[in-house]
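Bear in mind that the values here come from a model prediction, so they are computed numbers and not experimental data.
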Amino acid sequence: MGLRKLKNIKHGGKTLTEILESHQRFFRGQEGGVRADLTGADISHADLREINLSGAILRNTNFEQSDLRKAKLPGADLSGAKLGKADLRNADLTEAILPGADLSEAQASGIEFFRCDLSNVNFQNAKLRNVNLRLANVHGAKFSGADMGVAILRETDLTGADLSGVDLTTTLMPKGYAGAQAKIKGA
């Protein structure tokens, strides 16, 4: 089965296409624009490539198995969002808010997570190659089994993050970080 199209997804009595058009007007400061609020929406198995949801409210939204490659999500509130098995390669999530989100088994390589709130995010078995996690809040995040090759964790406080079973040999770690700490949750 293929991915769902935007025009076939409804939330709050409107199609996703209509919501996005209004959000674009809001984002540009044009009359009639409204910030997208897709709280609790089911947008799973959807083709959302290159979508612009900058600053959108996406709390508890279900994006499972959706294609979000190159999506623009800076400043978006994705608290509690379900992104398991989603394809987020090269998406921009700069300063996004994701506490409690589920990105288990997500394809999330090349993502800009700079200054994100990633507290208590589930990244278990996710592909996180070449991601930038500088200055992100990762307290309580679960990275076990994730592929973090060439990830940037400089200037990131890893206290309380679970990095068990993660190969960090090519990961750029915070200055003074001892490799043994990766196995100690809450080190």
In the structure I gave you, are the side-chain heavy atoms of Leu73 and Thr94 within less than 4.5 Å of one another anywhere?
no

Suppose clustering is done on Ile, Leu, Val, Met, Phe, Trp and Tyr with side-chain heavy atoms closer than 4.5 Å. Which residues sit in the same group as Ile57?
none

Quick one: do Glu64 and Lys82 make a salt bridge, cutoff under 4.0 Å?
no

Of all residues at least two apart in sequence or in a different chain, which pass the side chain to side chain donor-acceptor pair (under 3.5 Å) check with Ser22?
none

Output, in order, the C-alpha distance, side-chain angles, deciding distance and verdict of side chain to side chain contact (heavy atoms under 4.5 Å, CB included) for Asp37 and Ile19.
CA-CA 8 Å; Asp37 185 345; Ile19 294 168; over 6 Å; no

Looking only at heavy atoms, which two atoms of Asp42 and Ser44 are closest? And how far apart?
OD1-OG, 2.6 Å

Among all residues two or more places apart in sequence or in another chain, which pass the salt bridge (Lys or Arg N to Asp or Glu O under 4.0 Å) test with Arg49?
Asp47, Asp67

For Phe123, all residues meeting ring pair (Phe, Tyr, Trp, His ring centres under 6.0 Å), sequence neighbours excluded:
Phe113, Phe143

Between Leu98 and Val121 the two heavy atoms that sit nearest each other are O-CG2, 3.0 Å

Side-chain contact, heavy-atom cut-off 4.5 Å: Pro174 with Leu153?
yes

Do Leu163 and Met148 have side chains that approach each other closer than 4.5 Å (heavy atoms only, starting at C-beta)?
yes

Would Leu38 and Ile43 satisfy side chain to side chain contact (heavy atoms under 4.5 Å, CB included), going step by step from the backbone distance to the final call?
CA-CA 9 Å; Leu38 295 165; Ile43 310 176; 3.8 Å; yes

Nearest 0.5 angstrom please: Leu103 CG to Ile111 CD1, how far?
7.0 Å

Test: ring-ring contact (aromatic ring centres under 6.0 Å, His included). Region: residues 14-33. Which pairs qualify, not counting sequence neighbours?
none

Flag yes if Ile152 and Val138 sit in one hydrophobic cluster, no otherwise; membership is Ile, Leu, Val, Met, Phe, Trp, Tyr, and two members link when side-chain heavy atoms are under 4.5 Å apart.
no

Looking only at heavy atoms, which two atoms of Ala136 and Leu118 are closest? And how far apart?
CB-CD1, 3.9 Å

State, with a plain yes or no, whether a side-chain heavy atom of Leu68 is found less than 4.5 Å away from one of Leu83.
yes

Ion pair Asp147/Arg129, N-O distance below 4.0 Å:
yes

Taking transitive links into account, so neighbours of neighbours count too, which hydrophobic residues share a cluster with Leu135 at under 4.5 Å side-chain distance?
Phe114

Contacts of Glu31 that satisfy side chain to side chain donor-acceptor pair (under 3.5 Å) - sequence neighbours left out:
none

Are any non-hydrogen side-chain atoms of Ser66 and Lys85 less than 4.5 angstrom apart?
no

More than 12 heavy atoms of other groups within 6.0 Å of His11 NE2:
yes

Distance in Å, Leu78 CG paired with Phe63 CZ, rounded so as to fall on 0.5 Å steps
6.0 Å

Same cluster (ILVMFWY, side-chain, under 4.5 Å), Val166 and Leu158:
yes

For Gln65, check side chain to side chain donor-acceptor pair (under 3.5 Å) against everything at least two apart and list the hits.
His45

Just by distance, do the side chain of Thr170 and the backbone of Val150 share a donor-acceptor pair under 3.5 Å?
yes

Only counting residues at least two apart or in another chain, list the ones meeting salt bridge (Lys or Arg N to Asp or Glu O under 4.0 Å) with Asp87.
Arg69, Arg89

With heavy-atom distances below 4.5 Å as the criterion, would you say the side chains of Asn137 and Ser119 are in contact?
yes

Start with the C-alpha gap between Asn90 and Glu112, add the side-chain angles, then the distance that decides, and say whether side chain to side chain contact (heavy atoms under 4.5 Å, CB included) holds.
CA-CA 7 Å; Asn90 299 309; Glu112 196 57 56; over 6 Å; no

What about Tyr177 and Val131, same hydrophobic cluster or not, with Ile/Leu/Val/Met/Phe/Trp/Tyr joined at side-chain heavy-atom distances under 4.5 Å?
yes

Check whether Arg154 reaches the backbone of Arg134 with its side chain - one donor and one acceptor, N or O, closer than 3.5 Å.
no

Worked verdict on Gln24 versus Arg28 for side chain to side chain contact (heavy atoms under 4.5 Å, CB included):
CA-CA 6 Å; Gln24 292 311 309; Arg28 288 188 222 119; 3.6 Å; yes

Pairing residues for Asp167 by the salt bridge (Lys or Arg N to Asp or Glu O under 4.0 Å) criterion, not counting sequence neighbours
none

Pairwise side-chain contact, Ser54 with Lys72, heavy-atom cut-off 4.5 Å (strictly under):
yes

Step by step, would you call Asn125 with Glu105 a side-chain hydrogen bond (donor to acceptor under 3.5 Å, both in side chains)?
CA-CA 5 Å; Asn125 299 311; Glu105 299 182 49; 5.1 Å; no

Residue pair Cys116 / Leu93: nearest heavy atoms and the distance that separates them:
SG-O, 2.7 Å

Test of understanding: with salt bridge (Lys or Arg N to Asp or Glu O under 4.0 Å), list the residues that count as partners of Glu50, not counting sequence neighbours.
none

Can you tell whether the side chains of Lys142 and Asp162 come within less than 4.0 Å, N to carboxylate O?
no

Spell out, yes or no, whether Leu133 and Met173 are grouped together once hydrophobic residues are joined by side-chain heavy atoms under 4.5 Å, including indirect joins.
yes

Please examine the side chains of Leu16 and Lys7, heavy atoms only from C-beta on, and report whether any two atoms are closer than 4.5 Å.
no

Can you name the side chain to side chain donor-acceptor pair (under 3.5 Å) partners of Asp157, sequence neighbours left out?
Thr159

Indicate if Leu48 and Leu20 have the same hydrophobic cluster label, given that clusters are the connected sets of ILVMFWY residues with side-chain heavy-atom separations under 4.5 angstrom.
yes

